[in-house]
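Presented below is the structure to which this report refers.
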Amino acid sequence: MSFNTRTHTCGELKLSNANEVVTLNGWVAKKRDLGGLLFIDLRDRYGITQIKIAPEQKDIYEVASKVGNEFVISVGGVVIERESKNKNIPTGEIEIDVQKFQILNEASVTPFVIEDEVKASEDLRLQYRYLDLRRHSLQRNLMIRSDVYRIVRNFYADRNFVEVETPILMKSTPEGARDYLVPSRVHKGKFYALPQSPQTYKQILMVSGLDRYIQICKCFRDEDLRADRQPEFTQIDLEMSFVHQQDVFNMTEPMFKEIWKEILGIELQTPFPQMSYDFVLENYGSDKPDLRIFGLSKIVNISEIVKDLEFVVFKNALAEKNGIVGGVKFSFAENNIDVTRKIIDGLTDFVKKLGFGGLGYIKYNSDGSVQSPLQKFLNEEVQAKIKNVFEAKDGEIIFILSGAKKKVLTSLGTIRNKIAADYKLIDKSRYEFLWVTDFPLFHYDEESGEIAAEHHMFTSPKAEEMYKFDEAKNLSGKERGELLQSIKADCYDLVLNGNEIASGSIRIHRQDIQKKVFDVVGLTEQEQQEKFGFLLNAFQYGAPPHGGVAFGFDRIVAILCGLDAIRDVIAFPKTVSAASLMDESPSNVAQQQLDDLGIAITIQTKNSD
RNA sequence: GGAGUCGUAGUUCAGUUUGGUUAGAACGCCUGACUGUCACUCAGGAGGUCGCGGGUUCGAGUCCCGUCGAUUCCGCCA
């Protein structure tokens with residue numbers, strides 16, 4: 001079809017273009033027919049320009065008055081100054097006095113109105129994603145995403161990094177997340193896996209001597225989803241040879257500086273603070289604390305203060321190994337919040353769901369009185385010490401939990417987050433980056449007795465902790481598990497506003513150490529060879545010390561866009577049940593396809609037809 | 001796997017507590033009027049398997065059971 005191509009976009013014409021003859025192409029965003037005088041808001045990615053069709057132009061008016069929303073049209077005419085201007089849009093001082101008008105394509109009435117403040121529900125928007133993506137806010141998200149992509153690639157290109165593509169079809173390794181599997185037609189009964197991350201490949205690239213590797217790549221994990229977790233997601237994946245942890249930090253902090261400066265115009269302060277895993281757990285009850293929270297104190301361990309009391313709840317908790325009594329202070333009065341009995345009861349129910357018998361509290365009322373169910377169990381000296389250690393004053397309340405250390409700390413952390421979220425005690429204007437370092441190498445599950453890698457099997461233990469491997473050989477059961485769990489690794493996360501946005505480590509590059517780790521997690525020689533033989537073989541031929549990090553690209557872009565969920569920074573996201581509502585995947589396949597693969601379906605699911 | 005919220009017109013919702021006449025509103029859509037609108041305005045109109053299945057009842061949008069879907073959280077996942 002022939003049509004006049006645009007001379008300008010719908011976002012650029014200004015008063016300085018007056019009297020120019022232009023052509024615009026775009027979608028009808030809105031038609032306002034005043035009866036003879038007709039206005040059309042023409043929309044494209046760049047903006048909206050008003051088209052004026054005067055009553056004298058009968059032929060054009062006849063065609064134009066028939067168009068509906070989302071018709072695609074081409075309009076030619078003269079840029080003129082408006083009689084009444086619209087200060088709300090950049091092109092609001094001008095309009096197009098139409099001379100040519102052509103409908104390029106008609107459009108059915110859309111299932112929802114395309115407007116910035118969309119009213120449609122999320123599933124409808126996902127079903128008609130192409131319409132949802134016409135909205136300015138979603139297009140803006142994708143443009144920010146594109147900008148970040150470009151900044152990151154340029155940043156690393158400038159620093160000698162090599163961009164290498166790694167396979168999407170790879171070997172399945174059952175460790176970590178569940179793999180997405182792809183059946184092989186040629187090798188019937190065998191499967192590829194989609195990468196959970198290019199971890200093994202990037203380490204092998206270090207063995208190959210590539211020295212500095214970067215890739216912005218898709219990763220796949222077949223696990224249950226969340227607002228910030230999609231089955232396929234994007235990582236900024238990088239690896240460097242001959243580096244220590246600090247070298248990795250130094251090579252990534254300036255990247256965030258550039259992104260924040262270019263996208264938000266914000267000058268980030270570097271270096272980012274670093275806190276150990278143990279420190280953040282003991283102070284914030286989380287391995288990804290949100291440092292923007294105000295009105296709530298850090299967690300205080302009051303075990304020493306209350307250890308000699310006869311109060312049976314505290315006594316029992318402290319009698320256990322690793323038992324503690326701890327609390328967190330909430331400054332309610334200065335934040336204009338009234339902590340009523342109902343609120344305390346709500347929090348009590350909340351901690352009961354977490355497995356506690358109840359929630360202790362000491363409330364210092366604004367009138368100077370003290371309210372606490374614990375009061376009769378705490379003598380005056382202890383009460384004074386608690387008040388002192390929390391630096392508590394009138395208008396504040398201390399919430400207290402007792403029990404196993406990690407559970408108490410993480411639960412107090414959860415309470416902190418909940419109160420902060422419920423009462424909006426989060427400074428949304430800030431971006432709080434934080435490196436969390438010295439993660440444990442292993443995770444010990446007391447119930448099953450299993451030892452597993454906390455990060456992954458190739459994470460390097462700290463050199464000064466290596467002796468614990470030998471000590472653990474003489475122990476068994478819980479003692480062994482706890483000693484192994486105490487081994488710290490050269491492993492780190494980057495946290496931003498309470499979100500984990502990156503994770504990385506220095507890797508093991510020596511076979512003897514790798515063997516110790518495999519032994520601890522119970523991988524036999526044979527299993528090691530079957531699962532990671534290719535990597536271990538590679539490491540025989542001169543593996544350099546190396547380490548790296550992977551950033552959650554979608555989460556970073558979401559935070560830049562001011563969003564909690566990552567769905568709206570992904571062009572075609574999936575639902576919480578990993579389905580795509582637009583193209584209806586996953587779907588059944590033809591019997592012939594299954595036959596080719598040698599696959600028989602043995603379970604008739606609810607969705608099969 | 002578990003818990004919460006939601007599902008009623010094309011869309012967003014009200015109606016469900018306490019079962020009872022013809023299931024309402026706004027926006028959108030259609031028809032007509034309107035020469036400076038930009039949430040145009042005004043008049044009129046069409047539009048509903050109340051997610052689906054079963055049960056209780058004289059009677060179910062409303063009560064009960066099951067099921068499907070969306071979403072948030074826990075488990076899971078780095």
Side-chain angles (χ1 to χ4, degrees), chain A residues 29-42 48-57 61 65 68-70 80-89 91-93 95 97 108-128 131 175-179 196-197 199 219-231 233 235 237 287-288 350 353-355 410 414 417-418 421 436 439 443 452-456 459 491-495 499-505 549-552 555 564-565 567 574-577 579 581 584 605-607:
Chain A
K30 189 84 191 173
K31 185 176 71 180
R32 288 179 296 278
D33 187 345
L34 275 61
L37 189 59
L38 175 63
F39 296 103
I40 289 174
D41 286 345
L42 191 64
I48 286 181
T49 300
Q50 177 165 287
I51 312 299
K52 186 190 97 172
I53 296 128
E56 295 76 27
Q57 304 156 296
Y61 178 79
S65 63
N69 284 347
E70 304 310 317
I80 57 170
E81 186 172 0
R82 287 199 200 182
E83 278 181 32
S84 51
K85 294 173 182 173
N86 183 348
K87 302 275 188 238
N88 298 322
I89 58 172
T91 62
E93 290 195 303
E95 62 194 353
D97 193 16
S108 303
V109 175
T110 53
F112 57 90
V113 183
I114 294 160
E115 53 196 344
D116 252 10
E117 296 293 318
V118 72
K119 294 186 191 80
S121 64
E122 187 138 21
D123 51 334
L124 194 74
R125 293 171 45 210
L126 286 174
Q127 192 185 340
Y128 296 94
L131 297 180
E175 279 71 27
R178 199 175 290 116
D179 283 326
Q196 298 174 24
S197 80
Q199 185 63 36
C219 301
F220 307 85
R221 290 175 191 162
D222 189 0
E223 295 291 346
D224 287 350
L225 306 176
R226 292 283 190 282
D228 63 349
R229 279 170 16 195
Q230 282 274 304
F233 60 99
Q235 284 191 342
D237 192 48
D287 61 0
K288 45 178 183 175
F350 184 70
K353 280 181 195 155
L354 296 171
T410 55
T414 309
N417 287 340
K418 181 178 163 55
V436 177
F439 271 77
H443 171 78
E454 179 82 22
H455 184 63
H456 57 58
T459 302
C491 184
Y492 36 84
D493 280 358
L494 182 62
V495 175
N499 301 286
E500 178 201 319
I501 60 162
S503 193
S505 64
V549 66
F551 298 93
R555 289 184 189 176
D564 292 325
R567 281 187 298 276
K574 294 187 173 52
T575 66
V576 79
S577 64
L581 299 180
E584 297 184 304
T605 63
K606 52 208 172 188
N607 289 324

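Every chain is numbered from 1 and lettered A, B, ... according to where its sequence line falls, protein lines coming before strand lines.
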[atom1] atom, [N] versus [M]: distance in rounded Å?
| N | M | atom1 | value |
| --- | --- | --- | --- |
| B/G59 | B/A43 | P | 44 Å |
| B/U57 | B/C65 | C1' | 16 Å |
| B/C64 | B/G4 | P | 14 Å |
| B/C27 | B/U41 | P | 8 Å |
| B/U71 | B/A33 | P | 46 Å |
| B/U11 | B/U72 | C1' | 23 Å |

In B/S/- notation (B base, S sugar-phosphate only, - none; protein heavy atoms under 4.0 Å), nucleotides 29-47 of chain B written 5' to 3' is S----BBBBB-B-------

How would you summarise protein contacts on nucleotides 3-11 of chain B per nucleotide, using B for base, S for sugar-phosphate only and - for none, with heavy-atom distances below 4.0 Å? -------SS

Protein-nucleotide distance ([X], atom [atom1]; [N], atom [atom2]), rounded to Å:
| X | N | atom1 | atom2 | value |
| --- | --- | --- | --- | --- |
| A/Gln230 | B/C77 | CD | C1' | 14 Å |
| A/Lys574 | B/U71 | NZ | C1' | 18 Å |
| A/Glu122 | B/A70 | CD | P | 11 Å |
| A/Ile114 | B/G28 | CD1 | C1' | 12 Å |
| A/Asp224 | B/C76 | CG | P | 11 Å |
| A/Asp123 | B/U72 | CG | P | 12 Å |
| A/Arg178 | B/G1 | CZ | C1' | 11 Å |
| A/Arg221 | B/C76 | CZ | P | 15 Å |

Between B/U72 and A/Arg567, is there an OP1 or OP2 to side-chain N/O distance shorter than 4.0 Å?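 Answer yes for this pair, as a side-chain N or O of A/Arg567 is under 4.0 Å from OP1 or OP2.
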
Enclosure of A/Lys85 NZ (heavy-atom neighbours >12, cutoff 6.0 Å):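 Buried by this count: over 12 neighbours within 6.0 Å.
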
Just checking [X]: base, sugar-phosphate only, or nothing, at a heavy-atom cut-off of under 4.0 Å?
| X | result |
| --- | --- |
| A/Ser577 | sugar-phosphate |
| A/Glu454 | base |
| A/Arg125 | nothing |

Are A/Arg32 and A/Asp41 close enough for a salt bridge, meaning some N to O gap below 4.0 Å? yes

Min side-chain heavy-atom separation A/Glu83-A/Glu95 under 4.5 Å: no

Closest non-hydrogen atom pair, A/Lys574 against A/Pro231: CD-CG, 3.7 Å

Please give me the minimum heavy-atom distance between A/Ile89 and A/Ile48, naming the atom from each residue.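 Smallest interatomic distance, heavy atoms only, reads CD1-O, 4.1 Å.
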
Could you pick out which residue, A/Leu126 or A/Gly176, lies toward the 5' side of RNA chain B when each is mapped onto its nearest nucleotide? A/Leu126

So which nucleotide does [N] pair with, by the Watson-Crick or G-U wobble rule with both distances under 3.5 Å?
| N | value |
| --- | --- |
| B/G69 | B/C6 |
| B/G45 | B/C29 |
| B/C34 | none |

Atom pair OG1 (A/Thr575) and CG (A/Asp123), whose distance is rounded to the nearest 0.5 Å: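 Between A/Thr575 OG1 and A/Asp123 CG, I get 9.5 Å after rounding to 0.5 Å.
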
Go through A/Phe350 and A/Lys418 one step at a time and tell me if the side chain to side chain contact (heavy atoms under 4.5 Å, CB included) criterion holds. CA-CA 10 Å; A/Phe350 184 70; A/Lys418 181 178 163 55; 3.6 Å; yes

For the pair A/Ser197 and A/Gln235, evaluate side chain to side chain contact (heavy atoms under 4.5 Å, CB included) and give the outcome as yes or no after the intermediate values. CA-CA 8 Å; A/Ser197 80; A/Gln235 284 191 342; 3.9 Å; yes

Of the nucleotides B/A78, B/C73, B/A70, which one has an atom closest to the side chain of A/Ala579? B/A70

